[in-house]
Every structure is written in structure tokens, then in C-alpha cells.
Amino acid sequence: MSVRVRIAPSPTGLIHVGNVRSALFNWLFARHHKGTFIVRIDDTDVERSLREYEVDILEGFRWLGLDWDEGVEVGGPHGSYRQSDRFGRYRDAAHDLVDRGLAYYDDRTPEQLEELRTRAQAEKRHPNFYIRQPAEPVRAGAIRFSVPQDRPIEFEDVVRDAMRFEPETVDDFVILRSDGLPTYHLASTLDDVEYEISHVIRGEDLLPSTPKHILLSRALGGTPPVYAHLPLLFGPDGKKLSKRHGDTSLAAYRRGGYLPEAMLNFMSLLGWSLDSERTIFTRDEAIAAFDLDRVSKNPAIFDLEKLAWLNGEYIRALAPADFIERVMPQVEASLGRRLNDSERARFSTIAPLVQERTKLLIEAPGQVAWLFSEHFDIDPEAWTKVMVEGTADVLADAVDRLEKIDIWESESIEAALRSMLEDLAINARQGLQPLRVAVTGSSVSPPLFESLAVLGRQRTIDRLRAAIERLGAPGHPR
RNA sequence: GGCCCCGUCGUCCAGAGGCCCAGGACGCCGGCCUUUCAAGCCGGAAACGCCGGUUCGAAUCCGGUCGGGGCUGCCA
């Protein structure tokens with residue numbers, strides 16, 4: 001049997017990481033088995049579905065490198081891969097089920113249904129006990145699927161093993177709403193049948209709906225696919241990951257300076273592992289190793305700290321030129337202007353040192369703000385900590401020595417400043433930190449000698465003099 | 001309430017009766033390196049929810065219990 005899998009997001013919001021993880025597992029599974037990965041848009045909820053969200057979904061998949069073989073935008077043998085284009089098809093299918101006695105119209109109101117559920121509970125029966133076909137048939141309202149009560153629904157879930165649902169626990173669910181639009185159950189199941197989906201790999205939240213889908217598949221003339229229900233992704237509070245956990249949209253991570261390859265690696269670790277030792281691996285290694293039998297049953301908490309660490313690993317592994325290319329837009333965005341050629345050259349020189357210290361691309365601009373602007377902020381805390389008695393003299397001494405250097409480069413700067421340390425009999429912390437703060441405005445920066453080299457002699461000396469002045473100025477004792 | 005799922009370090013995963021007084025990773029703690037911060041290196045603390053049972057032997061099998069979660073809509 002050839003593997004045909006799909007991801008079928010609903011464009012009712014920015015795609016969030018839970019769906020992305022499902023997409024990833026489907027994609028890995030398809031690629032591993034040389035199968036077909038399909039992207040379908042389940043936009044049966046016309047009220048909430050928006051085209052901009054569909055764009056966001058597809059952009060997200062492309063960003064991660066999840067390419068699809070059939071589906072929206074790329075097409076395929078099944079016509080439209082957007083359910084809103086197939087409403088007629090679903091309606092026909094629903095009517096056909098009614099004609100065959102497998103479904104029925106129901107014009108009961110929500111209040112009536114609620115009452116039936118309440119009554120069943122009061123009688124200690126299953127809540128859905130009375131949600132069955134009424135004795136008197138009607139020809140209006142929504143269409144419900146009639147769940148056969150003669151035997152349990154059993155199936156083998158690839159990750160959950162043997163599953164069994166008693167028929168009385170499955171309600172006669174609506175397949176066509178009274179406005180003639182299909183529900184998710186009908187549209188999704190019919191599409192899975194008609195598109196010959198072999199495996200349905202999705203979140204565990206749909207496990208309770210699976211008996212409905214199996215029954216529907218058969219009624220529709222298909223063979224139910226193999227099901228694999230993935231463990232849910234939780235927020236730090238142990239609840240299903242949702243908007244209230246903050247940034248759960250993929251877009252937030254894209255903008256937040258995460259590398260797609262790191263994101264991919266990280267998400268593949270949520271409910272799966274390549275082996276017991278390896279945490280970092282390439283997409284091809286994941287494809288080669290991926291299968292559903294290593295998918296875990298337990299929910300996974302989305303651990304931002306581990307993601308950040310992994311991202312840092314990937315950033316450090318980047319070729320320097322690649323890092324520069326990826327980080328330049330972030331720097332320019334934060335500066336609010338394009339860098340000129342000489343600034344670009346300066347940045348490129350120091351970029352490898354920034355690269356080592358960056359976990360998220362968006363951190364980089366802050367590390368080099370001092371390099372491009374004379375209006376960088378001086379951290380007051382860093383200043384008071386480092387500018388102690390006698391510091392002005394040290395800075396003045398440094399200026400003298402730096403002015404005498406023949407060739408302005410990190411080696412000569414280091415030699416000059418080290419001999420100063422020696423002559424003054426002070427340690428690096430006493431002698432160098434004040435320079436760092438004076439020049440970069442912070443006690444945290446890329447390595448000092450390289451930083452001064454890139455900044456240039458004149459700017460360096462100007463900043464040191466400004467610091468000396470500030471130290472001597474009224475209102476700035478010491 | 002009903003149906004269903006899950007239960008190994010704080011977190012993610014490994015473990016499919018003896019290889020486990022439980023392994024890897026993040027985080028945490030300590031040390032080394034060091035011009036700051038990172039990175040790197042070395043070391044450390046940290047878990048089989050609980051109770052029974054099966055077995056010569058259980059993290060692994062069974063039962064119960066407790067705990068967490070999902071679903072319960074003419075949303076998906």
C-alpha cells in the first residue's frame with residue numbers, strides 16, 4: 001500500500017505549533033516511506049475561515065521546508081484541496097446517506113437536545129442515549145449520521161494500540177448542518193476516502209471522534225485509514241497548548257529569530273526520538289529514522305529553553321557568511337535603516353564573535369548597537385560598578401597608548417593594553433572593564449580588543465575621552 | 001457526570017522481565033578556561049506516582065488506587 005498522508009489545517013487563526021508538529025510528523029512519515037504528503041485546507045467553518053490564515057499556514061510550511069506533493073497551490077489529481085470548493089459534493093454525499101437509510105434529518109432544537117442529554121444523565125444512562133433517530137421522520141433540519149448500535153467500533157491505533165468504543169457512547173453526530181454546509185466530520189472523512197488517504201496522523205484530541213470517522217468511512221464506501229494519534233503538546237501549566245500560553249503561533253517563532261532547521265529539529269523531538277543518544281540531527285537523518293513506532297504516548301510540554309539552546313547550537317554551526325546574511329535584516333530592522341558598505345564591512349568582521357554569543361537572531365542587534373550609532377545607551381548599573389576611584393587615570397593612560405599604536409588591529413591593541421595593565425599593576429577586570437563600558441555602554445559585549453579594532457581608533461578614543469570627561473564632570477563624582 | 005488517553009529526573013526522550021542501585025539532552029549547581037558575556041571542557045544533584053499480585057527476578061506483565069489530560073457543539 002502506498003503511503004498517502006495529509007495535514008488538513010483549518011484557517012481560523014495563525015497556525016500554531018501543535019498543528020505544525022502534526023504536519024511535520026506526517027511529512028516525515030511520507031518522506032520516509034517515499035509516499036505522498038498532501039496539504040488540504042479544511043475551511044468548512046465559513047464564519048471563521050480567513051484567506052490570510054491560509055497564507056500564514058502555507059508560508060509556515062514553506063519556511064520549515066515541509067514541501068507537499070499534492071494540495072492547495074500545487075494541485076493534484078483530486079481537483080480542489082480546499083473544502084469550501086466542495087460543499088456540493090458533501091451535500092450530495094449526505095443526502096445519499098439519508099436515501100440509503102444511514103443518516104436522517106433532525107430538526108430538534110439545541111434546547112431539546114440538551115434536555116435529552118440531561119434526562120439521560122439523570123437516568124444514569126449515557127448522555128447520548130436519547131440522541132438517536134426519532135420515530136417520526138422529518139424532512140428538514142440538520143442531517144445526523146445514524147450510529148449502528150449492534151456492535152462496538154474497534155481499531156488498532158498505531159501509537160495507542162487496540163482501541164474499542166461501545167456504540168452507545170457514540171452519538172448520532174451531525175454531518176450536514178441545517179444551512180446545508182458540512183461539518184468537519186463529514187468533509188474530512190469524505191476527503192480522506194476520496195483522496196485515498198492511507199494514514200491519518202493527528203492529535204490525540206481527535207481520538208474520541210475516530211469511531212465516527214471509521215463508521216462514516218465505511219458508509220461512504222471506503223476503507224478506514226490507519227490511525228495514529230499523536231500526544232498533545234502542553235503549555236508549561238500542563239494544559240493543552242493554546243493562545244493563552246502566549247506565543248504558540250509559528251509566525252511568532254519565525255519573527256522571533258529562530259532558525260527553521262532548529263525549529264524542525266526541536267519539534268521532531270516532541271513525542272519522538274531518533275534514538276536514545278542523539279538530540280541534534282539533520283532533516284535527512286530524521287527522515288531516514290522516522291517511523292510511527294517510536295512515537296511516544298505521553299503529552300509533551302513545549303520547552304522554550306531547550307528550543308533556545310538548540311537554536312543557539314544551529315546558529316553557531318552556521319557558516320559565518322550564512323550567519324551574516326540571516327542576521328543582517330535583523331540588525332537593519334532594529335537600526336531602522338540600511339547599513340552602508342563600510343558599516344557592513346565592520347559588522348562582517350565582528351559577526352563571528354557575535355555568532356558565538358547568539359541564541360536567537362533577534363539578540364544580535366543589541367550586541368552591536370554600539371558599533372553603528374554614537375547614541376548608544378550606557379547602562380548606568382554597569383557604569384557605576386566599573387567606574388571607581390582612579391578609573392579616569394586608567395582611561396587617560398589607555399588613550400595615550402592607543403594613540404601611539406602604529407597599526408590599528410586587535411593584536412596591537414591587546415599588546416598596548418596588556419603592557420598598560422602590567423605597568424599600572426592592575427588586573428584585567430580593573431583595567432579593561434571600564435574600557436568596555438566606555439566604548440560599548442555595557443559590561444557585556446563581544447571581546448574587547450576585536451571590538452575596538454572594528455570600531456576604529458578615532459571613535460574609540462572619542463568615547464574614552466567622553467567617559468573621562470563624564471567622570472570629572474560635576475554631578476559625576478569620582 | 002459520561003467516554004477515552006496518559007503516568008521514568010523540574011522538562012523532553014531512552015528503556016519493550018535479568019544488560020538499570022535506570023541512560024542521553026535542556027535547565028540547575030560546582031570547577032576549569034577567560035578581558036565581560038557566551039561557547040567549550042570536567043564534575044555533581046535530580047525520576048521508575050502509590051498499593052497489591054505474577055515471577056527465582058519487574059521501570060518493564062496483571063489488578064486496583066491516586067494524579068494529570070482530552071473529548072463530550074448544527075467548532076475543528
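In what follows, chains carry the letters A, B, and so on, assigned in the order in which the sequence lines appear, proteins first and then strands, with residues in each chain numbered from 1.
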| field | Heavy-atom side-chain contact between A/V200 and A/T210 under 4.5 Å | value | no

| task | Please give the nucleotide sitting opposite B/C21 as a Watson-Crick or G-U wobble pair, both distances under 3.5 Å, or none. | result | none

| With a 4.0 Å cut-off on heavy atoms, is A/I301 in touch with a base, just the backbone sugar-phosphate, or nothing at all? | sugar-phosphate

| query | Quick one: do A/R86 and A/E194 make a salt bridge, cutoff under 4.0 Å? | reply | yes

| message | When both hydrogen-bonding distances must be under 3.5 Å and the geometry is Watson-Crick or G-U wobble, what is B/G1 paired with, if anything? | response | B/U72

| query | What nucleic acid atoms does A/Q83 come within less than 4.0 Å of, heavy atoms only: base, sugar-phosphate, or nothing? | reply | nothing

| field | B/C9 to B/C20 separation - C1' atoms, rounded to the nearest Å | value | 14 Å

| said: So A/A428, base contact, sugar-phosphate only, or nothing? Heavy-atom distance under 4.0 Å. | reply: sugar-phosphate

| Does A/R294 place a side-chain N or O at less than 4.0 Å from the phosphate oxygens OP1/OP2 of B/G15? | yes

| said: Only pairs with both distances under 3.5 Å count, Watson-Crick or wobble alike; so what is the partner of B/G43 in this structure? | reply: B/C29

| field | Length of the line joining A/H126:NE2 and B/C3:C1', which is rounded to integer Å | value | 6 Å

| request: Name the nucleic acid region contacted by A/R48, choosing base, sugar-phosphate or nothing; use a 4.0 angstrom heavy-atom cut-off, strictly under. | output: base

| field | A/D191/A/R82 ion pair, N-O < 4.0 Å | value | no

| message | Distance check, P atoms only: B/G18 and B/C62, in whole angstrom units. | response | 16 Å

| task | Could you work out the separation of B/C33 and B/G68 based on their C1' atoms and round it to a whole Å? | result | 45 Å

| said: Can you see if the side chain of A/S273 gets near the phosphate of B/A14 - specifically, an N or O under 4.0 Å from OP1 or OP2? | reply: yes

| Length of the CD-C1' vector between A/E47 and B/A76, whole Å | 14 Å

| message | Base, sugar-phosphate or nothing for A/R202? Non-hydrogen atoms, less than 4.0 Å. | response | nothing

| query | Can you find a pair of side-chain heavy atoms, one from A/T109 and one from A/Q112, that are under 4.5 Å apart? | reply | yes

| query | So, A/Y130 versus A/E123: side-chain donor-acceptor pair below 3.5 Å or not? | reply | yes

| task | Name the nucleic acid region contacted by A/S178, choosing base, sugar-phosphate or nothing; use a 4.0 angstrom heavy-atom cut-off, strictly under. | result | base

| Does A/L113 reach the side chain of A/D106, with side-chain heavy atoms less than 4.5 Å apart? | yes

| task | Would you tell me if any nitrogen or oxygen in the side chain of A/N298 comes within less than 4.0 Å of OP1 or OP2 on B/G69? | result | no

| request: Looking at every strand, decide which applies to A/E356 at a 4.0 Å heavy-atom threshold: base, sugar-phosphate, or nothing. | output: base

| request: For the side chain of A/P447, starting at C-beta, report the closest nucleotide among B/G70, B/C74, B/U35. | output: B/U35

| B/S/- contact track for nucleotides 59-65 of chain B, protein heavy atom under 4.0 Å | -------

| query | On a whole-Å scale, what distance lies between the P atoms belonging to B/G23 and B/G43? | reply | 14 Å

| message | Between A/E47 and A/R177, does any side-chain N to carboxylate O distance fall below 4.0 Å? | response | no

| said: Counting only side-chain heavy atoms from C-beta out, which of B/G27, B/C4, B/G24 sits nearest to A/W309? | reply: B/G27

| field | Nucleotide of B/C71, B/G27, B/U36 approaching A/D205 most closely (side-chain heavy atoms) | value | B/C71

| query | Can you find a side-chain donor-acceptor pair between A/D85 and A/S80 that sits under 3.5 Å? | reply | yes

| note | Per nearest nucleotide of RNA chain B, the residue lying toward the 5' end, A/D179 or A/D275, is A/D275

| field | Sugar-phosphate, base or nothing in reach of A/R160, heavy atoms under 4.0 Å | value | sugar-phosphate

| request: Have a look at A/G271 and say if it touches a base, only the backbone sugar-phosphate, or nothing, with a 4.0 Å heavy-atom cut-off. | output: sugar-phosphate

| request: Tell me whether the OP1 or OP2 atom of B/G73 has a side-chain N or O from A/R117 closer than 4.0 Å. | output: yes

| message | Distance check needed: B/G24 C1' versus A/N265 CG, whole Å only. | response | 14 Å

| task | Check every atom of B/A76, B/C6, B/C5 against the side chain of A/E204 and return the nucleotide holding the closest atom. | result | B/C5

| Say you pick atom C1' in B/C71 and the same atom in B/U65; how far apart are they, in whole Å? | 24 Å

| task | Please state the C1' separation for the pair B/C21 and B/G64 - nearest whole angstrom. | result | 28 Å

| request: Answer with base, sugar-phosphate or nothing: what part of the nucleic acid does A/T44 contact at a heavy-atom distance below 4.0 Å? | output: sugar-phosphate

| If you measure from the Lys or Arg side-chain nitrogens to the Asp or Glu carboxylate oxygens, is any gap between A/E363 and A/R357 under 4.0 Å? | no

| field | B/C66: pairing nucleotide in any strand, Watson-Crick or G-U under 3.5 angstrom | value | B/G7

| said: Counting the atoms with a prime plus P, OP1 and OP2 as sugar-phosphate, which does A/F234 contact under 4.0 Å by heavy atoms, base, sugar-phosphate, or nothing? | reply: sugar-phosphate

| Expressed in whole Å, how much space separates the P atoms belonging to B/G30 and B/G67? | 37 Å

| Should the pair A/D161-A/K297 be classified as a salt bridge under the 4.0 Å nitrogen-to-oxygen rule? | yes

| Identified pairing partner of B/U34, criterion: Watson-Crick or G-U wobble below 3.5 Å | none

| request: Mind checking A/Q121 for me? I need base, sugar-phosphate or nothing, with any heavy atom below 4.0 Å counting as a touch. | output: base

| task | Kindly say if A/R278 contacts the phosphate of B/A14, meaning a side-chain N or O under 4.0 Å from OP1 or OP2. | result | no

| Is it true that the side chains of A/Q133 and A/D172 contain a donor and an acceptor less than 3.5 Å apart? | no

| Between B/U36 atom C1' and A/Q433 atom CD, what is the distance in whole Å? | 4 Å

| task | Under a 3.5 Å limit for both distances, which nucleotide forms a Watson-Crick or G-U wobble pair with B/A16, could you say? | result | none

| Inter-nucleotide P distance (B/A58, B/C28), Å rounded | 38 Å

| message | Applying the Watson-Crick and G-U wobble criteria at under 3.5 Å, what pairs with B/C61? Answer none if nothing qualifies. | response | B/G53

| message | Taking any heavy-atom pair under 4.0 Å as a contact, classify A/L176: base, sugar-phosphate, or nothing. | response | nothing

| With a 4.0 Å cut-off on heavy atoms, is A/P127 in touch with a base, just the backbone sugar-phosphate, or nothing at all? | base

| Do A/L292 and A/W272 touch side chain to side chain, with heavy atoms closer than 4.5 Å? | no

| Is the phosphate of B/C74, meaning OP1 or OP2, less than 4.0 Å from a side-chain N or O of A/R144? | yes

| note | RNA chain B nearest-nucleotide lookup for A/T358 and A/E450: closer to the 5′ end is A/E450

